[in-house]
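Read the structure below first, then the notes.
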Amino acid sequence: MQVDPSRDKDYSFAKLCDLKSHVTLRITSLEGNIPKRSYTEILDHPHLRHSGVQNEGLSDLYVTCQLWADGKAETLPFRTAWKDFPRSYTWNQAIVLPITYPSLLMSSQIAFTIWDVQGAGKAVPVGGTTMTLFNAKRTLKRGQQRLYVHRGMEADPKPDSTTPSDVLPADGQDEMGRLEALVKDYERGDVTKIDWLDRMAFRQIEKVHSTEASKSDKLYLYIDLPKFDFPVVFSEQESPITLPPQPVLPPPSQAQQNLSALPPDLLSTDPHLWRTFDPDAWKENPVEIKHRKLLRSQRLGDEGKDLKPGPADRDRLNEIFRLPPTASLSPVDKDLLWKFRFSLARSPRSLTKFLKCVTWSDPIEAKQAVEKLLPLWGQEVGVDDALELLGPGFTNRGVRAFAVHRLERAEDEELLLYLLQLVQALKFEYAAVSGESVSGRRGTHRRREPIAQDDQGDSGLSQFLIDRSVVNSVLGTAFHWYLMIECDNRGPIGKMYAKVAFRFMSKLAETPDGTAQRDILRRQGELVETLSARAKELRASKDPRSKKIEKLRHYIADPKHGLSPLPAPLPLPLNARISVTSIAPDKSSVFKSNLFPLLLWFETTDATEAARSTDDDGVDGLAVINPDYPIIFKNGDDLRQDQLVIQLFTLMDRLLRKENLDLRLSPYNVLATSTTEGMIQFVPSKSLAAIMAEFGSLQNYLRRDHADDGALGSFGIDAGVMDTFVRSCAGYSVLTYVLGVGDRHLDNLMLAPDGHFFHVDFGYILGRDPKPYPPPVKVCKEMVDAMGGTSSSHYARFQSLSYTAFIGLRKNANLILNLVALMVDAGIQDIQLEPDKAVWKVQEKFMLDLSEEDAIKQFEALLNDTSYLTVVFDRIHDWAQYLRD
């Protein structure tokens with residue numbers, strides 16, 4: 001929706017606030033002659049004696065209306081209240097439809113049907129009419145509307161309605177329509193107002209109206225729509241429209257002859273509406289900017305230190321504090337925050353909102369905010385707010401240094417959870433210092449505020465990460481590989497990361513154990529290069545898969561390649577907690593896939609340590625079955641998106657565990673060593689497609705290794721295994737819903753023998769899906785059948801755990817949103833498609849605009865919304881896999 005201000009240049013956003021309200025209208029009256037019922041009809045239908053026809057013959061009429069768009073109902077039908085009609089059919093009843101003006105479509109229309117009561121529960125249509133809300137010029141209708149009523153018909157809401165409201169008489173003569181058009185011109189100010197003449201004209205119009213109504217057999221329904229100060233034009237443009245260069249007009253005499261040569265968009269046949277595009281319409285009013293600057297200049301001192309908000313202001317401030325990170329503040333909200341700035345520190349959640357209200361282009365205001373106000377928050381700031389302060393929205397060095405100081409209190413394990421995003425935050429650090437833009441593949445994020453001269457220099461984020469990574473080898477290994485993949489970027493950003501990597505290596509050389517750590521990182525790089533070269537060679541060869549496997553095992557077994565055994569124990573780049581000594585040639589293999597990824601079984605120095613470390617990563621119990629550490633090395637695929645998804649899965653698992661909710665999640669490790677290759681932890685399991693083909697059901701598969709004849713409530717399966725299955729199904733259903741994981745089929749849904757259910761292959765996220773009509777929550781029929789069906793106690797527990805997990809993650813929505821925001825320029829495939837909407841897509845999943853109770857109801861509806869088409873497309877996928885094999 002846009003408002004055309006061409007008729008009056010004195011306008012402001014405050015006048016447009018009505019567009020945020022609900023669609024309203026008023027049914028006023030019905031004009032026309034309705035046949036009276038005969039006395040015989042009353043005798044035949046005794047129940048009509050109370051309808052009012054005995055007196056003046058006016059029946060009990062009521063009107064129903066409903067909003068439609070593209071043949072689909074947008075609201076429930078509305079019915080007018082009962083009313084006695086002594087002389088004429090006049091309702092004068094206001095109706096508020098539960099939909100806002102910005103939600104209207106160009107095809108929106110309201111269907112009106114007039115009904116005559118002919119007894120209890122029986123009504124017949126007197127007539128119907130369908131009114132479009134937008135005219136041919138895409139302008140929202142306003143003011144009084146005269147709708148033609150088609151007798152004896154219900155309103156037809158189809159796009160090509162058979163009951164349109166703008167039908168002209170057969171003879172083309174509509175005197176009342178012509179007069180009402182002139183009245184609208186008069187009300188709009190297009191007709192000069194002369195009081196004495198106007199009174200005479202309106203009396204004459206009333207006479208004509210009475211005459212026309214008495215002799216006409218047509219029905220007209222009168223509707224009043226709201227009157228806006230400006231024409232409201234429907235538009236789907238999200239940015240200013242760039243007009244083509246206007247042609248140079250010839251002399252006036254020729255201009256009139258060649259008027260048709262002008263671009264059609266520059267012409268308008270409506271003398272009251274001109275289509276204009278003001279390039280400054282999307283900019284802030286300079287008068288309001290000056291007003292706020294003068295107002296704030298009076299409040300830069302300490303005069304407002306003791307100022308406390310009243311009840312109304314306190315409620316509004318609390319609403320602002322609860323806004324998500326993506327929310328923008330209005331000028332009024334910014335002024336309110338600045339007014340009570342000294343008392344905001346009592347609420348830890350207020351810091352980021354306060355910093356958004358600061359005018360950073362004003363050196364005096366920025367200095368007071370950083371030096372005097374920012375320290376008031378002290379140590380109460382959460383990690384989610386600290387991460388937001390390191391994003392692209394904050395460029396002030398003092399603010400970013402405050403965020404780094406908050407992160408210094410985080411433990412190494414917690415820091416490892418956010419390390420991927422903190423490395424990305426170095427890009428915004430560089431942009432804040434240099435003033436240059438940070439560009440991904442598509443989309444650009446620039447500095448939002450200019451930097452004062454005393455802000456030159458970084459906030460210490462890079463040095464903080466270097467210092468912590470030198471002390472902790474696990475943190476250092478992850479930091480090194482995150483830096484290496486960013487060093488491949490061309491331009492100044494890649495050079496910046498190269499400098500950080502050089503400083504990291506130099507710092508390692510200065511520490512006592514740093515030399516050994518540098519040697520480990522070098523050997524890890526050599527291992528990756530060796531595996532990469534071999535993977536490329538096998539993928540490029542035309543040999544059958546069996547021959548590829550034979551060549552791989554022979555290559556690993558050859559001692560000269562230093563893989564079996566390794567020259568010395570080496571911490572894996574994928575998981576530095578695991579030290580490996582050799583690759584088992586006889587277990588290694590090549591997967592049957594287009595890229596032919598390698599399956600490598602690493603032998604560890606200590607099976608107990610491998611199992612403990614694997615438990616820490618969430619894949620509990622699986623390493624005990626197989627003490628070695630198998631990995632998949634894939635070349636030819638960008639694993640950064642999978643790496644991000646698994647990192648967020650791990651984070652959300654930790655958040656749920658803090659809420660005392662253990663869903664037995666198993667987020668395996670993923671490391672992208674470059675933009676075209678990487679490592680994935682291999683978890684011994686089977687896909688649901690393979691299980692169904694071999695065992696017929698998931699229950700038979702679980703009973704194979706964990707049968708328990710005494711477990712009656714779990715279908716002969718060990719109760720602990722069934723509990724693990726139900727919990728992990730609930731966890732992954734919620735996690736994949738939050739991140740909008742797509743392309744879910746039985747080949748990328750995995751199940752381990754001990755009941756651990758998990759997802760693999762995250763090539764589609766943020767709502768993207770190659771299949772049409774994907775269900776919002778990924779719960780397949782095979783999973784539900786394994787629980788015993790929708791009426792079983794296990795499925796009820798699955799639902800309960802899903803609701804609890806969703807609410808638990810919803811409480812930490814800001815942290816998750818800030819982590820996604822820091823990855824906007826990381827080169828993630830599905831984020832780069834629409835970088836400006838990535839965070840919004842995740843935020844939409846949390847339904848933050850609803851209360852907790854309403855959010856649970858909405859999620860419950862989504863969870864139960866299982867599309868039957870999903871089963872069809874799964875079968876199509878199975879056939880495609882069969883034909884390809």
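For the ring-ring contact (aromatic ring centres under 6.0 Å, His included) condition, the pairs that include at least one residue of residues 646-665, sequence neighbours left out, are F649-Y732, F649-F762. Listed by first and then second residue, the side-chain hydrogen bond (donor to acceptor under 3.5 Å, both in side chains) pairs involving residues 381-392 are R349-D384, K356-E388 (not counting sequence neighbours).
E486 meets the salt bridge (charged side-chain N to carboxylate O under 4.0 Å, His left out) test with K427; sequence neighbours excluded. For D488, the side-chain contact (heavy atoms from CB on, under 4.5 Å) test picks out S674, with sequence neighbours left out. For A386, the side-chain contact (heavy atoms from CB on, under 4.5 Å) test picks out A403, R406, L407, with sequence neighbours left out. Looking at residues two or more places apart in sequence or on another chain, you find a ring-ring contact (aromatic ring centres under 6.0 Å, His included) between F354 and W377. Partners of E529 under the salt bridge (charged side-chain N to carboxylate O under 4.0 Å, His left out) rule, at least two apart in sequence or in another chain, do not exist in this structure. The side-chain contact (heavy atoms from CB on, under 4.5 Å) check on Q647 picks up L420, Q421, L644, with sequence neighbours excluded. Judged as a side-chain contact (heavy atoms from CB on, under 4.5 Å), and not counting sequence neighbours, V471 has no contacts. Annotation: salt bridge (charged side-chain N to carboxylate O under 4.0 Å, His left out) contacts of D412 (sequence neighbours excluded): R468.
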Open item on the list: With salt bridge (charged side-chain N to carboxylate O under 4.0 Å, His left out) as the criterion, how do D662 and R664 come out once you've worked through the C-alpha distance, each side chain's angles and the decisive distance to 0.1 Å?
Closed with: CA-CA 6 Å; D662 182 9; R664 313 288 172 82; 3.5 Å; yes
After noting the C-alpha distance and the side-chain angles of F321 and L344, does the key distance pass the side chain to side chain contact (heavy atoms under 4.5 Å, CB included) rule? CA-CA 10 Å; F321 300 157; L344 297 180; 3.7 Å; yes
- Task: Test D513 against L508 for side chain to side chain contact (heavy atoms under 4.5 Å, CB included), laying out the working first.
- Result: CA-CA 8 Å; D513 299 331; L508 282 175; over 6 Å; no
Which is it for R640 and Q829 under the side chain to side chain contact (heavy atoms under 4.5 Å, CB included) test, yes or no, and what are the steps along the way? CA-CA 8 Å; R640 289 179 293 175; Q829 176 184 349; over 6 Å; no
R744 vs T736, side chain to side chain donor-acceptor pair (under 3.5 Å): CA-CA, chis, key distance, verdict: CA-CA 10 Å; R744 298 297 89 190; T736 54; over 6 Å; no
message = Apply side chain to side chain contact (heavy atoms under 4.5 Å, CB included) to residues V670 and M679 and explain how you reach the verdict.
response = CA-CA 6 Å; V670 178; M679 299 178 174; over 6 Å; no
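Put simply, the side chain of L749 reaches to within 4.5 Å of the side chain of F757, judged on heavy atoms. Between I583 and W601 there is no side-chain heavy-atom pair separated by less than 4.5 Å. No side-chain heavy atom of F428 sits less than 4.5 Å from a side-chain heavy atom of L390. A heavy-atom distance below 4.5 Å is not found between the side chains of I631 and I680. Proximity of R797 to L801: side-chain heavy atoms (C-beta onward) are separated by under 4.5 Å at one or more points. Annotation: side chain of S685 is not in contact with side chain of H756 (no heavy-atom distance under 4.5 Å). Between L735 and F758, every side-chain heavy-atom pair lies at or beyond the 4.5 Å cut-off. In this structure the side chain of L422 reaches within 4.5 angstrom of the side chain of L415, judged on heavy atoms.
Minimum heavy-atom separation, L817 to P324: CD1-CB, 4.4 Å. Smallest separation of non-hydrogen atoms from L663 and A805: CD1-CB, 3.8 Å. Nearest heavy atom pair, residue A838 against residue I831, reads CB-CG2, 3.9 Å. The two residues P569 and T605 come nearest to each other via the heavy atoms CB-CG2, 3.8 Å. In plain terms, the two heavy atoms of G731 and L665 that are nearest each other are CA-CD2, 3.7 Å. Closest approach of L355 and W360 over heavy atoms only: O-NE1, 3.2 Å.
Between the OG1 atom of T352 and the CG atom of N814 there is a distance of 7.5 Å, given to the nearest 0.5 Å. Rounding to the nearest 0.5 Å places CG of L648 at 5.5 Å from CE of M652. Summarising the geometry, atom CD belonging to E414 is positioned 11.0 Å from atom CG belonging to L416; distances are rounded to the nearest 0.5 Å. Distance check, rounded to the nearest 0.5 Å: CG of L819 to CG of L417 gives 9.0 Å. Rounding to the nearest 0.5 Å places OG1 of T395 at 8.0 Å from CZ of R400. Taking CD from Q643 and CG from N669, the interatomic distance works out to 10.0 Å, rounded to the nearest 0.5 Å.
Using a distance-only test at 3.5 Å, with no hydrogens or angles considered, no donor-acceptor pair links the side chain of Q641 to the main chain of I828. Within the 3.5 Å criterion, the main-chain N or O of L661 finds no donor-acceptor partner in the side chain of R727. Using modelled atom types, no side-chain atom of S532 and backbone atom of V528 make a donor-acceptor pair closer than 3.5 Å. Between the side chain of N812 and the backbone N or O of G808, at least one donor-acceptor pair lies under 3.5 Å. Between the side chain of S343 and the main chain of F340, a donor-acceptor pair closer than 3.5 Å is present. Within the 3.5 Å criterion, the main-chain N or O of L639 finds no donor-acceptor partner in the side chain of D637. Using a distance-only test at 3.5 Å, with no hydrogens or angles considered, a donor-acceptor pair links the side chain of Y497 to the main chain of V423.
Applying the 6.0 Å contact sphere to CD of E411 captures no more than 12 heavy atoms from other residues, nucleotides or ligands. Around CZ of R409, the count of heavy atoms belonging to other residues, nucleotides or ligands within 6.0 Å exceeds 12.
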Using atom types as modelled, flag every donor-acceptor pair under 3.5 Å from a side chain in residues 475-483 to any protein atom, sequence neighbours excluded.
from : atom 1 : to   : atom 2 : distance (Å)
T477 : OG1    : S473 : O      : 2.9
W481 : NE1    : Q524 : OE1    : 3.1

Let me check something: any side-chain donor-acceptor pairs from residues 841-849 under 3.5 Å, sequence neighbours excluded? List them with distances.
from : atom 1 : to   : atom 2 : distance (Å)
K841 : NZ     : E834 : OE1    : 2.7
Q843 : OE1    : T326 : OG1    : 2.2
Q843 : NE2    : T326 : OG1    : 3.4

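Checked against a 6.0 Å centroid threshold, the rings of F806 and F859 count as neighbours.
In summary, the side chains of Q463 and D467 do present a donor paired with an acceptor at a separation below 3.5 Å, with no hydrogens or angles considered.
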